[in-house]
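What you are looking at is a predicted structure, and each value in this text was computed from that prediction instead of being measured. Both counts, for ligands and for their atoms, begin at 1 and track the order of listing.
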Amino acid sequence: MKRIAVFASGSGSNAENLIRYFLDGTKGASVVLVVCNRSDAGVISRAEALGVDTAVMPRADINDPSKMLPMLESHAVDAIVLAGFLLMVPPFIIERYPGQIINIHPSLLPKFGGKGMYGAHVHRAVVEAGENRTGITIHLVSEHYDEGAVMFQASTEVKPDDTPEDVERKVRQLELEHFPRAVRDIILTPTTHTHAADE
Ligand code: GAR
């Protein structure tokens, strides 16, 4: 069984969906830890309600190898999934988990990625740009925001009169439908993915 740590900063709907998907023990992996940088984030109570260990770690602790690595090692973590995690993953974590750190981004990267592009900001930018499609991108994490190898994308239509809230609803539907299975496929495939074909 692969052991997953989910890193999240917000409401945690994706974290909860991942926890539930792997909960029955038949999928070859399970979520064993949720790391969150904000003590008031909804993800903490969602994880606790499902019996998953949580660690609230401010940015300074996440960036400190002497705090972060023992936390991951004490839970024997094999892979890390970012589900609405708004901090950079420090290089020492990326080196420790090559090809085993996965992010979900709520647009069709490379469009609408980069610093400051998260959650509602992304959907607003999509509407303002007049895009007629958007979607989700599940990718490996490199030292640069939103730039690792793309492993999975799914798209949805943006209608001319859609609001950013309409777009967010459609994108969340795609996230709920695809994210856990894509995570499973990536972490259970026996390669490190450090040099995926689209790099
Ligand atoms: C999700 O839509 C996720 O794709 C996005 O944050 C939201 C978190 O929602 N991530 C990014 O924008 C990363 N750049 P949640 O806390 O309810 O899962």
Side-chain angles (χ1 to χ4, degrees), residues 4-23 31 33-50 52 54-57 59 62 79-90 93-94 101-129 131 133-158 162-184 186:
I4 301 169
V6 173
F7 286 20
S9 306
S11 86
S13 63
N14 281 288
E16 176 170 352
N17 190 38
L18 287 163
I19 294 168
R20 288 188 184 280
Y21 175 81
F22 289 106
L23 210 53
V31 178
L33 175 66
V34 169
V35 173
C36 179
N37 59 302
R38 290 181 33 199
S39 59
D40 60 346
V43 67
I44 297 165
S45 53
R46 289 192 198 242
E48 282 172 354
L50 291 164
V52 176
T54 59
V56 176
M57 301 182 75
R59 184 198 297 255
I62 288 169
I80 294 172
V81 179
L82 313 183
F85 184 63
L86 302 183
L87 302 179
M88 282 288 271
V89 177
I93 299 183
I94 295 172
I101 309 178
I102 300 162
N103 184 40
I104 187 163
H105 185 80
S107 75
L108 297 170
L109 290 176
K111 287 184 166 183
F112 307 103
K115 206 162 165 50
M117 278 295 180
Y118 58 87
H121 298 284
V122 177
H123 308 307
R124 203 172 309 124
V126 165
V127 168
E128 280 169 8
E131 297 289 306
R133 293 200 80 75
T134 189
I136 59 171
T137 301
I138 295 167
H139 65 94
L140 300 183
V141 172
S142 70
E143 288 86 344
H144 305 286
Y145 273 115
D146 302 332
E147 284 179 16
V150 171
M151 307 304 287
F152 178 88
Q153 289 186 309
S155 73
T156 183
E157 187 184 7
V158 181
D162 273 353
T163 64
E165 291 72 27
D166 294 329
V167 174
E168 175 162 22
R169 204 161 30 249
K170 293 179 190 180
V171 168
R172 282 189 172 278
Q173 196 52 47
L174 292 178
E175 293 183 338
L176 286 179
E177 188 180 336
H178 297 290
F179 193 25
R181 198 159 23 85
V183 165
R184 180 184 184 213
I186 295 166

* To do: Side-chain contact test, heavy atoms from C-beta onward, threshold under 4.5 Å: evaluate it for Pro90 versus Ile62 and give yes or no.
  => yes

* To do: Compile the protein residues with any heavy atom at a distance under 4.0 Å from an atom of ligand 1; present them by chain, then by number.
  => Gly10, Ser11, Gly12, Ser13, Asn14, Gly84, Ile104, His105, Pro106, Met117, Tyr118, Gly119, Arg172, Glu175

* All side-chain hydrogen bond (donor to acceptor under 3.5 Å, both in side chains) counterparts of Arg124, not counting sequence neighbours -> none

* Structure fact -> By side-chain contact (heavy atoms from CB on, under 4.5 Å), Leu176 pairs with (sequence neighbours left out) Asn17

Which atom pairs, one a donor and one an acceptor, fall under 3.5 Å between side chains of residues 148-158 and the rest of the protein, sequence neighbours left out?
from	atom 1	to	atom 2	distance (Å)
Gln153	NE2	Leu109	O	3.0
Gln153	NE2	Thr137	OG1	2.8
Ser155	OG	Arg133	NE	3.0
Ser155	OG	Arg133	NH2	3.2

* Asked: Can we say Glu16 and Arg20 salt-bridge, meaning some charged N sits less than 4.0 Å from an Asp/Glu carboxylate O?
  -> yes

* Would you say the side chain of Ile102 lies within less than 4.5 Å of the side chain of Val141, judging by non-hydrogen atoms? -> no

